[in-house]
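Each remark here refers to the structure printed beneath this line.
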Amino acid sequence: MIMDGFTAWPEEFAQRYRSAGYWSGEVLGELPGAWATRFGDREAIAAGDERWSFRELDARSGRLAAGFRSFGIAQGDRVVVQLPNVAEFFEVLFALFKMGAVPVVVLPAYRRNEVGYFCQLTDAVAYVVADEHAGFDFRTLAAEVRRDAPALRHVFVVGDPGEHCALDTVRDTFSEGWFDGMPIVDPAGVALLHLSGGTTGTPKLIPRTHNDYLYGSRASAELCGFSSTTVYLCSLPAAHQFSLSAPGALGTFLSGGRVVLGPHPAPDTAFRLIEQEKATVAAVVPPVAALWLQAANHTGHDLSSLQLLQVGGAKLSSQLARTVRPVLGCRVQQVFGMTEGLLNFTRLDDPDETVFHTQGRPLSPADEIRVVDDADQDVPAGEPGHLLVRGPNTIRGYYKAPEHNKAAFTEDGFYRTGDIVRQTPTGHLTVVGRAKDQINRGGEKIAAEEIENHLLDHPDVAEAAVVAMPDTFLGERICAYIVPRNDRAKAAELLAFVRGRGLAAYKVPDRLEFIDALPRTAVGKVSKERLRNRIATAITSMEESS
Ligand code: OOB
């Protein structure tokens with residue numbers, strides 16, 4: 001079934017990807033059954049006290065699928081899934097895949113404003129949350145979201161359900177035989193909707209098909225040498241595409257390996273898990289890599305099982321990359337990926353200098369890469385330019401966003417990544433900048449326009465421009481320049497206002513600067529470049545004088 005709002009690959013490309021064997025024609029819902037047959041009682045997931053074998057994952061997701069059906073959830077329905085790193089995250093995803101329903105995978109950090117929007121945009125019929133996590137009560141959030149999303153009929157809760165319905169009840173009402181098989185699911189149809197970091201006022205959803213998602217995950221698992229002996233520590237949010245499928249948990253399951261879910265990436269907790277579970281691979285963002293490297297020098301934990309540290313989501317400095325082997329005793333791999341699809345990896349046998357200085361090269365031999373100038377003309381080899389990509393696991397359009405798609409894709413289907421890169425003669429890419437209006441706060445992406453719109457809703461704000469400011473730990477933080485409408489405008493109040501808008505906490509500006517007028521370019525656009533330079537200079541001189 002091809003969903004509304006989804007742009008399929010033109011048949012010529014689809015045929016090419018199928019005949020090259022990239023698109024296998026499998027669907028995600030078939031996988032747990034196949035794994036149960038192949039890997040049986042081998043442990044698939046370790047999360048806190050929960051330990052599930054492949055057989056158990058299959059049985060649970062089948063029973064839950066039967067339960068979801070009994071609540072009227074049907075093939076093609078969208079279900080928003082917002083869970084922390086608990087085993088049930090995978091149970092829910094695979095239950096939905098088995099039914100041919102479509103999970104909308106939402107990070108735990110998101111709040112009312114964002115989740116409400118996703119529910120409305122997708123006409124989601126159900127919302128799955130944990131009771132509480134990191135001191136936040138998701139049941140209250142669910143009740144609020146439900147008020148504004150008329151299509152949302154059910155809220156299912158992992159843990160204590162409060163006023164909603166317990167996921168345990170949904171599953172436990174049904175024994176294993178109840179799920180009477182999968183419906184026919186089109187492998188070229190949408191399997192799940194991921195969130196994009198976004199560059200515009202409203203966040204975008206990314207429709208990933210069974211074919212393209214499975215290909216990306218399986219091919220990256222192979223590239224990273226995953227096998228049945230892989231123990232993957234997932235301590236970033238499992239809902240992020242990096243940890244879900246690049247190769248992530250899905251790549252680990254496909255290889256018959258074991259996924260260890262960590263509650264958060266703090267070094268003490270992560271190191272304890274590495275030691276206890278003998279983790280062989282971990283995936284982190286650069287600030288977490290920096291924390292681990294600092295902490296590893298004086299840890300009492302045995303980290304010798306770790307063979308590979310994948311670092312991605314934001315640029316890793318070559319200095320930090322160099323210290324991974326001496327300090328952690330394992331190989332480092334740079335991963336330059338995007339939820340829209342393209343994945344670049346340094347290879348396990350790349351020379352050290354390539355691993356330290358580049359962000360890798362495309363996963364697929366079928367990835368078509370272009371590096372172009374502002375007029376879409378190819379730049380000379382080795383020069384910096386905009387990265388464009390077309391390939392077997394890169395989307396051809398965002399979900400229900402026809403206007404935005406005209407700008408985000410070329411007419412012949414290349415995705416405009418918004419990243420500025422240089423390409424080496426070996427095809428490796430070095431990320432040298434960003435053209436998109438986004439802040440990358442240690443791997444967490446913030447669309448400047450989204451925050452500007454919230455600020456502009458405040459009566460004391462005449463104009464707002466949000467830019468990245470350099471930060472030694474996170475790489476970037478958020479700086480908001482405000483032209484006040486009157487002398488009542490106060491930074492603390494504006495920040496409290498943004499906080500009250502129901503957004504992920506990491507989107508709240510780290511700093512607010514009042515300014516008389518925003519600098520403009522010759523054509524009258526706000527010059528974000530000048531604002532970025534201005535705040536960078538201010539920070540440097542502050543650091544020098546302290
Ligand atoms: C990953 O996905 P997203 O969708 O959160 O963000 C994608 C963007 C890229 O376009 C780029 O701007 C930035 O994040 N990025 C990097 C990077 N990895 C991602 N910039 C520099 N160096 C890197 N290594 O972040 C993502 C998805 C799958 C795997 C890994 C990361």
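Just follow the structure's listing: the first ligand is 1, and inside any ligand the first atom is 1.
Shortest contact from atom 10 (O) of ligand 1 to any protein heavy atom: D419 OD2, 2.5 Å. At the top of the distance list for atom 21 (C) of ligand 1, counting protein heavy atoms only, stands K315 N, 3.4 Å. Summary of contacts: the protein heavy atom closest to atom 24 (N) of ligand 1 is V335 O, 2.8 Å. The shortest contact between atom 4 (O) of ligand 1 and any protein heavy atom is with T339 OG1, 2.6 Å.
Checked by atom type and distance alone, the side chain of D510 pairs as donor or acceptor with a backbone atom of I478 at under 3.5 Å.
Using cut-offs of 30° and 60° on the angle between ring planes, the pair H194 and Y213 is tilted. Ring planes of W292 and F271: perpendicular class, angle over 60° (limits at 30 and 60°). The aromatic rings of F97 and H210 sit perpendicular, their planes meeting at an angle over 60°, well past the 30° parallel limit.
Of all atoms in ligand 1, numbered sequentially from 1 with element shown, those under 4.0 Å from a heavy atom of G337 are 1 (C), 2 (O), 7 (C), 8 (C), 9 (C), 18 (N), 19 (C), 25 (O), 26 (C), 27 (C), 28 (C), 29 (C), 30 (C), 31 (C). Interface atoms of ligand 1 facing Q359, defined by a heavy-atom separation under 4.0 Å, are 22 (N), 24 (N). For ligand 1, the atoms sitting less than 4.0 Å from at least one non-hydrogen atom of Q241 are 27 (C), 28 (C), numbered in the order shown with element in parentheses. Near K445, meaning under 4.0 Å from one of its heavy atoms, ligand 1 places the atoms 1 (C), 3 (P), 5 (O), 6 (O), 8 (C), 13 (C), 14 (O), 25 (O). Atom numbering of ligand 1 starts at 1 in the shown order; those under 4.0 Å from a heavy atom of L343 are 28 (C), 29 (C).
Checking only distances, Q334 never comes within under 3.5 Å of ligand 1, N or O to N or O. Checked against a 3.5 angstrom limit, the closest N/O atoms of G313 and ligand 1 fall inside it.
Side-chain N/O atoms of Y127 and Q82 include a donor and acceptor closer than 3.5 Å.
Residue A314 places a heavy atom less than 4.0 Å from ligand 1. Using 4.0 Å as the threshold, H194 has no heavy atom nearer than that to any atom of ligand 1. Remark: distances from the non-hydrogen atoms of K436 to ligand 1 include one below 4.0 Å.
Cation-pi check for R208 over F6 is not met; the charged atom does not lie both under 6.0 angstrom from the ring centroid and within 45 degrees of its normal. Judged by a 6.0 Å distance limit and a 45° cone about the ring axis, R18 is not positioned over the six-membered ring of F13.
Considering P247, S24, S255 as possible partners of R218, the one that fulfils the side chain to side chain contact (heavy atoms under 4.5 Å, CB included) test is S24.
Listed by chain and number, the residues in a salt bridge (charged side-chain N to carboxylate O under 4.0 Å, His left out) with E452 are K528 (sequence neighbours excluded).
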